[in-house]
Amino acid sequence: MAHPVSYEGTSENFDQLVLEPKDELVVVDFWGDGCPNCEIYAAAEPALLAELDGAPMRVVKVNAYQYEDLAKRFGLFGIPTFLLFREGKLLGKMSQYYGKEYWLGVVRDHLPKA
């Protein structure tokens with residue numbers, strides 16, 4: 001199986017990319033230019049996704065500055081913020097990036113069970 005795929009989320013495609021998929025976890029990464037923790041996560045993302053090889057999931061990256069409507073829709077106060085969805089339901093939220101093991105642990109806890 002392939003690594004989970006990362007998509008660019010916009011106001012126009014958000015519902016299609018995030019709320020419509022079935023049988024997979026959708027991690028939404030709200031980020032912004034000039035955000036140090038966002039840059040740390042972005043550098044770590046390829047290795048994180050490699051660890052999740054074959055997992056039924058996708059990552060949707062949303063620039064919170066460019067798409068303020070989406071940030072407001074979910075009541076975000078800071079970035080990076082990661083929202084976890086499955087079958088259109090918000091399952092969890094991670095504020096900030098606290099490192100590889102924490103991020104992977106939260107994501108794995110929310111993956112669909114086989």
* **Phe74 ring center near Phe14 ring center (under 6.0 Å)** =>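 Yes; Phe14 has its ring centre under 6.0 Å from that of Phe74.
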
* Asked: Is a donor on one side and an acceptor on the other found under 3.5 Å between the side chain of Asn13 and the backbone of Thr10?
  ->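 Yes: the side chain of Asn13 pairs with the backbone of Thr10.
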
* Could you tell me whether the side chain of Tyr97 and the main chain of Lys100 form a donor-acceptor pair under 3.5 Å? => yes

State, with a plain yes or no, whether a side-chain heavy atom of [X] is found less than 4.5 Å away from one of [Y].
{"X": "Met57", "Y": "Val107", "answer": "yes"}
{"X": "Leu70", "Y": "Ser11", "answer": "yes"}
{"X": "Lys93", "Y": "Phe82", "answer": "no"}

Return all side-chain donor-acceptor pairs below 3.5 angstrom for residues 25-44, not counting sequence neighbours, or 'none' if the list is empty.
unit_1 : atom_1 : unit_2 : atom_2 : d
Asp29  : OD2    : Lys61  : NZ     : 2.6
Asn37  : ND2    : Gln96  : OE1    : 2.7
Tyr41  : OH     : Glu45  : OE2    : 3.1

* Structure fact -> Taking every heavy atom of Leu111 against every heavy atom of Pro56, the minimum-distance pair comes out as CD2-O, 4.1 Å

* **Shortest non-hydrogen separation from Leu83 to Phe85 and the atoms involved** =>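 Nearest pair, atom of Leu83 first, then Phe85: CB-CE1, 3.6 Å.
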
* Checking side-chain contact (heavy atoms from CB on, under 4.5 Å) for the pair Leu84/Leu90: CA distance, chi angles, key distance, verdict? -> CA-CA 6 Å; Leu84 293 85; Leu90 179 62; 5.7 Å; no

* **Side-chain ion pair, Arg86 and Glu24, N-O less than 4.0 Å** =>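 No, no charged N to carboxylate O under 4.0 Å.
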
* Asked: Should the pair Glu51-Arg108 be classified as a salt bridge under the 4.0 Å nitrogen-to-oxygen rule?
  -> yes

* To do: Would you give the length of the straight line joining atom CD of Glu87 to atom CD of Glu20, rounded to the nearest 0.5 angstrom?
  =>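 So the gap between those two atoms works out to 12.5 Å.
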
* Got more than 12 heavy atoms from elsewhere within 6.0 Å of NZ, Lys89? ->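 Atom NZ in Lys89 is not packed in, count stays at 12 or less.
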
* To do: Check step by step if side-chain contact (heavy atoms from CB on, under 4.5 Å) holds for Leu17 and Arg58.
  => CA-CA 9 Å; Leu17 288 175; Arg58 66 174 63 186; 3.6 Å; yes

